[in-house]
Amino acid sequence: MLAGVVQKGELEWEVPIGFVPGMRVPGKFYLSARLEEILEEGAVRQLANVATLPGILCCSLAMPDIHWGYGFPIGGVAAFDLTEGVISPGGVGFDINCGVRLLATPLGQRDVAGRRDLIDAMYQAVPTGVGAKSSLRMDAKTLDGMMMKGARYAVEAGYGLPGDLVRCEENGFMKAADVKAVSGKARQRGVPQGGTLGSGNHFLEIQVVREIYDPEAAKAFGLAEGQVCCMIHCGSRGLGHQVCTDHIKILEESTRKYHIRLPDRQLACAPIGSPEGTAYFGAMAASANYAWANRQVITHAARNVFKKLFRIPHEEIPLIYDVAHNVAKIEEHTVDKKKRMVCVHRKGATRAFGPGCPDIPADLSSIGQPVIIPGSMGTPSFVLKGTRGAMEKTFGSTCHGAGRVMSRSQAKKKISGKEIAESLARQGIYVRAPNEAAISDEAPDVYKPSSEVVRVVHEAGISRLVARLDPVGVIKG
DNA sequence: ATGTGC
């Protein structure tokens with residue numbers, strides 16, 4: 001471990017005040033011995049840098065999938081006081097409301113075994129890849145609808161079931177959305193991309209529930225062993241990316257205007273209540289809503305495929321839950337034994353609200369929020385539940401997935417897409433992608449092992465394992 | 001992540 005970092009428990013580490021100059025609170029992160037081997041020094045420094053920001057509460061946090069990001073580490077969680085604190089695009093990331101949702105089908109493993117046509121049909125139904133274009137009739141009005149009302153807009157337009165909304169974090173949209181704070185350029189990029197999957201680690205996967213760790217929670221969530229599920233992982237595409245780019249530029253100015261001293265200019269930020277901070281928050285919320293609408297439209301396309309191939313009505317394919325893992329939100333938390341509203345940044349971290357929280361579906365109140373953790377291509381995904389431990393220790397947050405250990409360019413040089421596809425095929429996993437590079441970029445070994453990341457959050461008690469899902473087919477960008 | 005790299 002880096003000099004100066006202190007082990008506080010088997011899986012808990014502290015970066016003391018003074019590790020970098022100007023820290024207002026300590027840093028804290030979760031890590032096992034195995035993950036320690038691939039920990040980047042730069043990511044720990046970034047965690048400490050975040051602790052210098054005005055109004056930060058308690059500590060600068062990181063989950064076991066911590067890695068180096070823009071300004072803030074990916075896997076980072078930071079909460080700020082609403083009057084003294086700041087908001088920063090670096091604390092959310094470029095892919096605003098990148099997130100993941102899980103659909104359960106009434107099918108069993110035998111129904112989909114060898115059914116390459118299921119994956120082929122999904123690949124036809126969902127626009128996939130870097131420049132993927134929408135199959136919707138998108139215009140300025142549709143875009144506004146998606147940005148203002150998110151998944152609700154999509155459901156009202158016929159892309160989904162009313163019951164889907166209560167199964168989304170925030171019920172599928174943030175009211176704070178401000179379309180006026182979204183630039184013309186961002187809008188231009190958003191219009192043709194409504195309902196598209198994108199590229200990189202984004203995917204649509206057919207999975208089978210292979211192991212249940214918590215029968216009571218699995219039953220309450222609607223999951224059973226052997227059940228076929230469909231997982232959708234995507235974000236806000238070029239729109240969110242442009243919003244982030246635009247507002248970083250604006251907030252670099254505000255940093256000077258409000259005399260905020262930063263150890264790294266990538267932490268560009270503004271007071272939460274300032275005009276610039278409010279504009280970023282509004283544009284970020286609009287992008288988050290666009291991403292929720294995206295996942296909702298893709299959900300509808302996936303249900304159509306199951307209906308066509310297996311004659312299953314949409315109503316028999318419920319949404320288990322939809323989580324955001326790149327977003328900032330105003331939430332109520334207990335700080336120094338007092339309840340208060342704070343601004344929580346989660347960047348590559350998932351909300352994991354525990355039992356009794358008013359923001360989770362009423363029928364799951366005694367269990368905790370479903371948490372969905374996608375694996376990397378060809379590796380298992382996990383369903384967990386939120387805990388009281390998360391409420392006490394991490395502002396109701398847990399990990400988001402695997403986290404890269406190798407850059408895209410490295411991966412391309414080292415690994416052939418064709419060989420990976422063949423190796424996955426031998427494991428019974430059928431992959432469809434627009435080109436070979438899309439596969440080599442996202443090869444299983446360019447990621448940290450998701451099972452180890454999940455084990456750490458489970459044992460640390462900031463969420464608890466419910467089920468493991470193994471992939472049988474995947475479409476990716 | 002991204003009309004992929006000032």
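Convention: sequence-line order gives letters A, B, ...; per-chain numbering from 1. In this text the structure is predicted, and so the values were computed from the model without any measurement.
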Which pairs with one or both residues in residues 463-476 of chain A pass salt bridge (Lys or Arg N to Asp or Glu O under 4.0 Å), sequence neighbours excluded?
Arg210(A)-Asp470(A), Glu211(A)-Arg468(A), Arg468(A)-Asp470(A)

Is it the case that Arg303(A) places NZ or CZ above or below the six-membered ring of Phe306(A), under 6.0 angstrom from the centre and within 45 degrees of the axis?
no

Report yes if the distance between the aromatic ring centroids of His345(A) and Phe80(A) is under 6.0 Å, otherwise no.
yes

Distance check needed: dG5(B) P versus Asp441(A) CG, whole Å only.
14 Å

Students often get this wrong, so: under 4.0 angstrom with heavy atoms, is Gly235(A) touching a base, only sugar-phosphate, or nothing?
nothing

Mind listing the side-chain donor-acceptor pairs of residues 263-275 of chain A below 3.5 Å, one per line with the distance, residues two or more places apart or on another chain?
residue: Asp264(A); atom: OD1; partner: Gln266(A); partner atom: N; Å: 2.9
residue: Arg265(A); atom: NH2; partner: Glu252(A); partner atom: OE1; Å: 3.2
residue: Arg265(A); atom: NH2; partner: Glu252(A); partner atom: OE2; Å: 3.3
residue: Gln266(A); atom: OE1; partner: Gly71(A); partner atom: N; Å: 2.8
residue: Ser274(A); atom: OG; partner: Pro271(A); partner atom: O; Å: 2.7
residue: Ser274(A); atom: OG; partner: Gly277(A); partner atom: N; Å: 3.0

How many whole angstroms separate atom NZ of Lys133(A) from atom C1' of dT2(B)?
14 Å

What is the nucleic acid contact for Glu442(A), judged by heavy atoms within less than 4.0 Å: base, sugar-phosphate only, or nothing?
sugar-phosphate

Measure the distance from CG on Leu197(A) to C1' on dT2(B) and round it to the nearest whole Å.
14 Å

What is the separation between atom CD on Gln242(A) and atom C1' on dT2(B), rounded to the nearest whole Å?
10 Å

In whole Å, what is the span from the CD atom of Gln193(A) to the C1' atom of dT2(B)?
9 Å

Starting at the 5' end of DNA chain B, which residue's closest nucleotide do you reach first, His202(A) or Val130(A)?
His202(A)

Between His233(A) and His325(A), does the ring centroid distance fall short of 6.0 Å?
yes

For Val77(A), run the side-chain contact (heavy atoms from CB on, under 4.5 Å) check against Thr350(A), Thr398(A), Val344(A) and tell me which one passes.
Val344(A)

Phe221(A) ring center near Tyr321(A) ring center (under 6.0 Å)
no

Figure out the CG/P separation between Asp95(A) and dT4(B), and round it to whole Å.
16 Å

Sugar-phosphate only, base, or nothing, as touched by Gly131(A) at under 4.0 Å among non-hydrogen atoms:
nothing

Starting at CD1 of Ile248(A) and ending at P of dT2(B), how long is that distance when rounded to a whole Å?
16 Å

List in numerical order all residues of residues 280-288 of chain A for which some heavy atom is under 4.0 Å away from an atom belonging to DNA chain B.
none

Remember a base hit wins even if backbone is also touched, and classify Lys347(A) as base, sugar-phosphate or nothing at under 4.0 Å, heavy atoms.
nothing

Please state how far atom OH in Tyr70(A) lies from atom C1' in dT4(B), giving the value in whole angstrom units.
16 Å

Just to confirm, is there a sub-4.0 Å distance from OP1 or OP2 of dT2(B) to any side-chain nitrogen or oxygen of Thr245(A)?
no

